[in-house]
Structures are given as C-alpha cells and as structure tokens.
Number of protein chains: 2
Amino acid sequence: MGRKQTKSGKIRLTEVAKLAGVSPITASRFFRNPEALSLSKRERVDSAVKELGYVPNLAARALASHRTEVIGVVIPSLTNNVFADVLRGIYDSSEGSRYTIQLANTRYSILQEEKLLRLFRAQKPAGLIVTGINQTAESRTILESMNCPVTQIMEIGDSPVDMMVGFSHYDAASAAISHILEQGRRRIGFLGARMDPRVQRRFEGYRDAMKAASLFDPNLIVTTSVPTTITLGGTLFADLLAQTPDIDAVFCVNDDLALGVLFECQRRQISIPGDLAIVGFNDLEFTAAAVPSITSVRTNRYEMGRHAITMVIDAIEGRRPQTPVLDLGFQLVVRESSMRQSTVMAGSVGID
Amino acid sequence: MGRKQTKSGKIRLTEVAKLAGVSPITASRFFRNPEALSLSKRERVDSAVKELGYVPNLAARALASHRTEVIGVVIPSLTNNVFADVLRGIYDSSEGSRYTIQLANTRYSILQEEKLLRLFRAQKPAGLIVTGINQTAESRTILESMNCPVTQIMEIGDSPVDMMVGFSHYDAASAAISHILEQGRRRIGFLGARMDPRVQRRFEGYRDAMKAASLFDPNLIVTTSVPTTITLGGTLFADLLAQTPDIDAVFCVNDDLALGVLFECQRRQISIPGDLAIVGFNDLEFTAAAVPSITSVRTNRYEMGRHAITMVIDAIEGRRPQTPVLDLGFQLVVRESSMRQSTVMAGSVGID
DNA sequence: CAATCCGATGGTAGCGCTGTCAATAATTGT
DNA sequence: ACAATTATTGACAGCGCTACCATCGGATTG
C-alpha cells in the first residue's frame with residue numbers, strides 16, 4: 001500500500017476511478033457514502049484506493065463541499081490537569097473518526113474566547129466544544145450563528161447553546177460542605193484561587209451550605225484571582241489562619257490548593273485531620289497518595305471529554321442525542337484528611 | 001468590521017478586489033506578500049478587507065497554493081505535565097502567527113507515531129514538531145520526505161532529521177547522581193517507570209555515573225514499563241526497599257515517583273533526608289512545595305516549546321537557524337530532600 | 001533617445017474534489 | 001406485461017484562491 005504514491009506523488013481521485021473503472025464521482029461517493037455503491041463497485045474502488053495508496057486532498061474536499069472535518073475545542077488552559085484529562089477523552093474518542101481536533105486556549109479570558117470563536121467561524125468547523133457557560137453575548141451570538149453542533153462542557157446550566165456535558169459545581173461544593181459538617185466541624189474555611197466561573201459556583205455552593213447551617217462567616221473566606229499553585233495553597237492557608245485562627249476545616253476549590261495546605265500544616269505541625277480537616281476538589285491522583293490521603297470531589301473529566309466529542313460527532317452525522325444536557329455528576333471521595341477526629345487512629349496522620 | 005459578512009455570508013476575494021478597485025490577484029497578494037503592492041493599493045485593499053469583513057477561505061487557499069498553514073505537533077502524552085508545559089510554549093508562540101497547530105498524541109507508541117506521521121504527510125503541513133529521536137525507520141523516511149521544516153524536541157542527539165531543541169537526559173541524570181554522591185551517599189537506588197527512550201537515557205546516565213564511582217549494583221534498580229503515577233512511586237520504593245534495605249538515596253526518573261517515595265517514607269517513618277535522600281526529575285511545582293522540598297532537575301520545557309515552534313516558523317519563512325541543534329540544558333535544583341545529613345538542621349525535615 | 005530593465009499589476013487557467021440533477025439499470029405492483 | 005418506482009451511476013460545472021506568465025509604464029543607461 002502506498003507504493004506508487006511515492007513514485008509520482010500525484011494520485012488523485014481520478015486515477016483511482018480510472019483504475020477501478022468507474023467515474024470520479026462514484027469514487028468520491030465511496031468515501032462519503034459507501035452504502036450507496038453496489039457491492040462490486042465498492043470493492044473495485046476499495047482495492048484501487050489501496051493499490052494506489054490514494055490519500056484524499058482535504059483542502060479540495062473542503063472547498064468543494066463547503067464543509068470541513070474539523071472540530072474546534074476551546075479550553076481555558078493547557079497546563080491545568082483538569083483540562084488535560086478532558087482533552088485526553090476528546091482525543092481518544094475522536095481517533096478513528098474522520099474528524100480532526102483543533103485546539104484553542106483562551107487562558108481564562110472570555111475576550112480571548114470571543115476572538116477564537118471568530119476565528120473558528122471563519123473556518124466553518126463541523127462542530128465545536130467550548131468550556132463553560134459564561135460566554136460573552138457576542139460569543140453566544142457567534143456560537144448560535146455557527147450552524148454546527150456545539151457542546152458546552154465542564155458545567156451544566158439552563159439555556160444551552162446546543163448541547164452540554166458537565167456537572168453542577170454548586171452541588172458538588174455543597175456536598176463537600178455537608179460532609180465536613182457531618183464530621184462535626186463548624187468553622188470551615190474556604191480557599192479559592194483563579195476565581196473563574198466554575199470556581200465561583202463552588203463558592204456559592206459553599207456559601208449557601210454554610211448559611212443553611214447558620215455557620216457562614218466572611219472571615220472564613222480567603223480568595224485570590226491569582227492562578228492556582230500548590231505553593232499558593234500554603235500561602236492562602238497562612239492568611240486564613242492569621243485571619244481566623246479557630247478554623248477546624250478547610251474546603252479548597254481544587255486539589256493543588258489542598259495539597260499546599262497539607263504541606264503547610266506539616267510545616268506548622270498542625271495535625272490532619274486531628275486539628276484540621278482538608279477537602280479538595282477534582283480528585284487528582286495525588287489526593288489518594290498523600291499522607292494523610294486527601295478527601296476530594298471526583299469529577300468525571302475523561303468521560304466528559306469522551307461524551308462531549310461523541311455527542312458532537314453524532315450530532316454532525318444527524319444523530320442528535322435524546323436529551324441535549326448530560327449531567328455526569330460527581331462523587332465525594334472521603335479520605336483520611338476529613339475523617340471525624342475520633343475515627344482516626346492515632347498514628348495514621350502526618351509523619352508521626 | 002464584519003458587518004456585511006453576516007448579511008450575505010459571501011464575501012470572496014473578488015468582492016474585496018472590486019471594492020478596492022484592483023484585480024483579484026492583487027488583492028490576493030495583499031495577504032501573501034504585501035510589500036509587493038504599492039502603498040496606495042495596499043491601503044485600498046486593506047480598507048476594503050475591513051469594510052467587508054473579509055475572511056480568507058483557507059481551503060481554497062490550500063488547494064490553489066499546494067500548501068497549508070498547519071504545523072503538526074506529535075507528542076506522546078496529553079496528561080503528562082511535562083508535555084503540557086511544552087505545548088503551552090508552542091501555543092503561546094504560535095499565536096499571532098498565521099499558523100495553526102495540529103496536535104497528535106502517540107500514547108508513547110512509535111507505531112502510532114508512524115501512523116500519525118503518515119496522516120500528516122497527507123495533509124502537507126507547513127512544518128512539524130515531533131518528540132524525541134527514536135522514530136521508526138519508516139517514520140524517519142516520512143519525515144525526511146515531507147519537504148517541510150521538522151523540529152525534534154525533548155532531547156538532542158546526532159543526526160537530526162532537520163532541527164532539534166532539547167537537552168541531554170544522560171547528562172542531567174549524571175549531574176543528579178554526582179550531586180547525590182557529593183552528599184556522601186553511596187547506595188543510590190534507581191526508580192524508573194514508563195521506560196520511554198528519554199527515561200532510558202536517564203537510566204544510562206545513572207548507570208554510568210554509578211559505575212564510574214564503582215558503586216553500580218543491579219539490586220539498586222527497580223523499573224517498570226507501567227505508566228508513572230505518584231502511587232506507583234510508593235510501590236516501587238517499597239519493592240526497592242525489600243530488595244535492597246540498605247539504600248541511602250533514591251533517584252527517581254520523574255517527580256511523580258519522587259513524591260510517591262516521599263509519601264511512602266512518611267508512612268514508614270523514614271526520615272528525609274536523614275535516612276534517605278530523594279531526587280526527582282523535571283522540577284514540577286510540587287517539588288518546591290513539598291515537605292521536605294524535593295531536589296529535582298529543572299528542564300526548560302516551556303522554553304523548549306517556544307523555541308521549537310519559533311524555529312519551525314522561521315524555517316518555513318526561509319530564516320533557517322544558524323545551528324540546527326539547540327541545547328537548552330538543565331539545572332539541578334538542590335532542595336532539602338537531598339541535603340547532606342549533617343547539613344540538615346534537626347527540625348527542618350518531615351513534619352517534626 | 002533608443003535599448004534595457006524593473007517594479008507593479010492583470011489575465012488565464014486550473015488546484016482536486018463534490019453538489020446537483022439527469023440518465024440508466026434493476027425492481028416492483030397490478 | 002407495462003408503467004411506476006427505486007437503486008446506481010455519470011456529466012457538468014464550479015467552490016475561492018493562487019501559480020504562472022504577460023503586460024505596461026517609467027526609471028536607468030550609454
């Protein structure tokens with residue numbers, strides 16, 4: 001296969017058709033709609049393609065057909081592990097399909113997002129995956145006018161542009177807080193960084209859960225718009241401790257912050273969970289490995305990517321999902337860092 | 001800008017040319033080679049483009065010109081932080097250029113890589129970035145026949161396909177071992193997972209450094225082909241400890257393993273660096289935040305991405321680099337986890 | 001001042017494929 | 001058995017752009 005290609009480098013559909021003894025258009029149909037061909041022609045074209053090592057010219061195809069086989073994916077970050085997992089799901093499930101993923105990074109800027117969507121519109125993608133539900137009005141207009149399937153990922157909400165796959169950050173945070181409250185903690189701090197829309201909603205979940213328990217106190221909250229790092233977790237925790245020394249738990253909007261808090265506690269000889277419960281968010285790998293292991297909220301990121309791309313491809317090909325909004329939920333994974341004080345055996349915490 | 005576009009959606013170069021009062025080909029030149037136009041025409045076309053909100057049809061351009069503005073990037077993993085950083089560099093530096101990044105994931109399989117390169121060849125990319133120097137013979141042939149700039153990243157070696165940006169994993173590992181030896185350690189274990197070619201070269205650096213010191217001992221080595229996780233670091237370390245209880249240091253081929261070792265030591269009450277020195281690789285963020293902080297080898301991943309894409313774009317546009325191989329080096333970042341026993345003040349290690 | 005050159009511009013002819021619709025062959029119903 | 005229908009197939013035109021070469025002033029030269 002592919003032998004003759006290197007020889008001349010000029011295998012067009014016409015050549016394939018000639019070898020197969022059919023018209024070019026029939027050969028073309030072999031790729032786009034093979035069922036429309038009779039079995040004999042299909043086989044003839046198939047072997048001609050293989051024999052010549054024919055590779056379609058995508059540019060010509062796009063020009064003639066007025067569509068591309070590109071699916072755009074707009075995410076806010078390339079380095080955030082959360083999106084890496086989603087992307088892996090997207091790429092894994094797009095392989096084997098005819099579609100190509102075109103990645104674009106907004107760096108958490110909705111203006112940048114708008115710009116990228118404008119670029120995508122120019123390319124007439126076959127489908128689009130965008131992160132979140134907080135687009136600018138203009139972005140939304142672009143998305144709606146794009147005339148291709150669009151899936152919003154990472155969260156769910158009313159009024160999807162088209163389809164959605166995600167979960168409720170609000171509920172997830174609420175669940176985490178409920179759990180902490182159940183463990184008998186009362187002064188639950190909130191640590192937040194890079195307060196993007198999804199983190200905002202986690203905050204709201206925290207806030208309402210605390211208010212419902214009549215335990216809300218602004219002094220329990222420390223946030224920053226700075227991007228998350230592990231080190232920052234330690235810093236923010238130090239601030240929180242200075243501001244409100246009597247905290248007995250911390251809810252971190254992500255696991256990196258939580259790990260930073262854990263390390264800071266080790267430095268300060270604060271026993272976890274004896275003195276303080278820690279709960280993170282996302283359930284990254286290290287939460288299970290840490291000593292003590294860290295309670296976190298598992299979000300189904302890989303599956304989110306898989307579903308998102310599958311929904312888009314299905315929609316492109318006319319198979320629209322029954323329900324446009326898919327809630328993948330979350331799971332609270334309870335680990336040592338948030339166990340009830342009495343539950344923890346002496347010796348299971350810290351280096352001890 | 002872009003007003004009329006939404007109205008009819010049919011702004012072609014011809015329309016722009018008409019409005020500007022020039023021929024279509026002149027308008028075309030405005031994009032590809034603006035210097036060739038007289039100032040007056042250039043301005044006329046420019047304002048016509050803006051007025052009409054003209055957006056070039058990339059498919060038509062590619063079909064007519066026999067080239068694309070796609071730069072392919074082939075990496076082995078999407079979730080590995082190392083590549084996330086490289087990618088960020090690539091994307092950051094490609095923005096603002098006319099080129100589009102096309103990402104492909106080999107999942108550490110050189111056969112998959114070969115397949116992907118074949119796909120890329122069909123697309124006639126403007127340039128290509130591939131990971132490492134261990135391509136199959138067929139892949140190499142494809143790369144060489146591709147007739148576009150190619151940059152190999154992550155490591156350097158003799159006989160680049162075209163250009164290279166990276167560093168010597170062998171030297172980096174050697175430097176790490178030298179450092180550990182200088183700290184007075186003698187029984188230095190080696191922990192390796194996902195033994196990809198670059199990890200292999202780190203192993204060789206370790207092996208030769210140990211042999212040079214007459215300290216090489218196969219019992220010091222534990223490796224697996226399983227992908228790296230933090231948890232795995234703990235497991236491998238447990239194996240190593242069972243196999244060779246008298247180790248006084250561990251060199252881990254990456255930081256995740258190192259963190260896993262650290263956690264495992266916390267569990268087993270092994271004091272770091274008192275009982276054991278730990279050295280990781282890559283200098284991920286958590287190495288500095290951990291307690292104790294973990295010595296690691298910093299690799300300039302973001303810069304690698306930036307340089308790689310810049311070199312490719314420059315080469316596409318005829319500005320070939322003076323030297324095709326760029327060594328970005330590495331820096332050993334010494335932290336608490338590998339300090340000489342006597343150097344460490346009591347109390348600076350572990351939770352204590 | 002003719003011969004030459006050069007920079008700026010335009011005309012022509014596709015790039016390789018597919019949409020549309022017509023034409024033909026195979027199948028069915030009554 | 002013959003019209004009506006349905007599966008297959010093909011002819012034609014053109015998607016929007018650029019490569020290639022021709023053209024045409026005007027500047028340069030001897």
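Numbered from 1 within each chain, the chains take letters A, B, ... in sequence-line order.
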Item to complete: Go through the side-chain N and O atoms of A/Gln152 and A/Gln135 and say whether any donor and acceptor fall under 3.5 Å apart.
Response: yes

Discussion item. Side chains of B/Thr100 and B/Glu69: any donor to acceptor distance under 3.5 Å?
Written reply: no

Worksheet item: Is the phosphate of D/dA19, meaning OP1 or OP2, less than 4.0 Å from a side-chain N or O of B/Arg32?
Response: yes

Practice prompt. For B/Ala36, answer base if it contacts any base atom (sugar-phosphate contacts may also be present), sugar-phosphate if it contacts only those atoms, and nothing otherwise; contact means non-hydrogen atoms under 4.0 Å.
Written response: sugar-phosphate

Item to complete: Let me know the distance between CG of B/Leu58 and P of C/dC17, rounded to the nearest Å.
Response: 19 Å

Fill in: Upstream residue (5' side of DNA chain C) when B/Ser65 and B/Lys41 are each assigned their closest nucleotide
B/Lys41

Response to the item:
In whole angstroms, the gap separating C1' of C/dC17 from CG of A/Leu63 amounts to 8 Å

Discussion item. With a cut-off of less than 4.0 Å, is there a side-chain N or O of A/Ser38 near OP1 or OP2 of D/dT8?
Written reply: no

Worksheet item: Within the pair B/Arg12 and D/dG16, is there a side-chain N or O less than 4.0 Å away from OP1 or OP2?
Response: yes

Item to complete: Could you check A/Ala60 against B/Ala62 and say which one's nearest nucleotide on DNA chain D is further toward the 5' end?
Response: A/Ala60

Fill in: Whole-Å gap separating C1' (C/dG19) and CZ (A/Phe31)
18 Å

Worksheet item: Within this structure, what is the CG-to-C1' distance between A/Leu13 and C/dC17, rounded to whole angstrom?
Response: 7 Å

Discussion item. How many whole angstroms separate atom CD1 of B/Ile25 from atom C1' of D/dC17?
Written reply: 8 Å

Worksheet item: Is any side-chain heavy atom of B/Phe167 less than 4.5 Å from a side-chain heavy atom of B/Asn300?
Response: no

Worksheet, complete the sentence: note: B/Tyr54, atom OH; D/dG16, atom C1'; distance rounded to Å ~ 7 Å

Worksheet item: Any side-chain N or O of B/Ser28 under 4.0 Å from OP1/OP2 of D/dT18?
Response: yes

Worksheet entry | Reported CD-to-CD distance for the pair A/Gln123 and A/Gln102, which is rounded to 0.5 angstrom | 5.5 Å

Worksheet item: Please give, in whole Å, the distance from D/dG10 P to A/Arg44 CZ?
Response: 9 Å

Item to complete: Check whether any side-chain nitrogen or oxygen of A/Arg67 sits under 4.0 Å from OP1 or OP2 of C/dG19, and answer yes or no.
Response: yes

Worksheet item: Below 4.0 angstrom from OP1 or OP2 of C/dT9, is there any side-chain N or O of B/Ser23?
Response: no

Worksheet item: With respect to the phosphate group of D/dT8, does any side-chain polar atom (N or O) of A/Arg42 fall under 4.0 Å of OP1 or OP2?
Response: no

Discussion item. Can you say whether a donor on the side chain of B/Arg29 sits under 3.5 Å from an acceptor on the base of C/dG10, or the other way round?
Written reply: yes

Worksheet entry | Atom pair distance, as rounded to whole Å: NZ in B/Lys124 and C1' in C/dC17 | 14 Å

Item to complete: Scan side-chain atoms only and decide if A/Ser28 and A/Arg32 contain a donor-acceptor pair under the 3.5 Å cut-off.
Response: yes

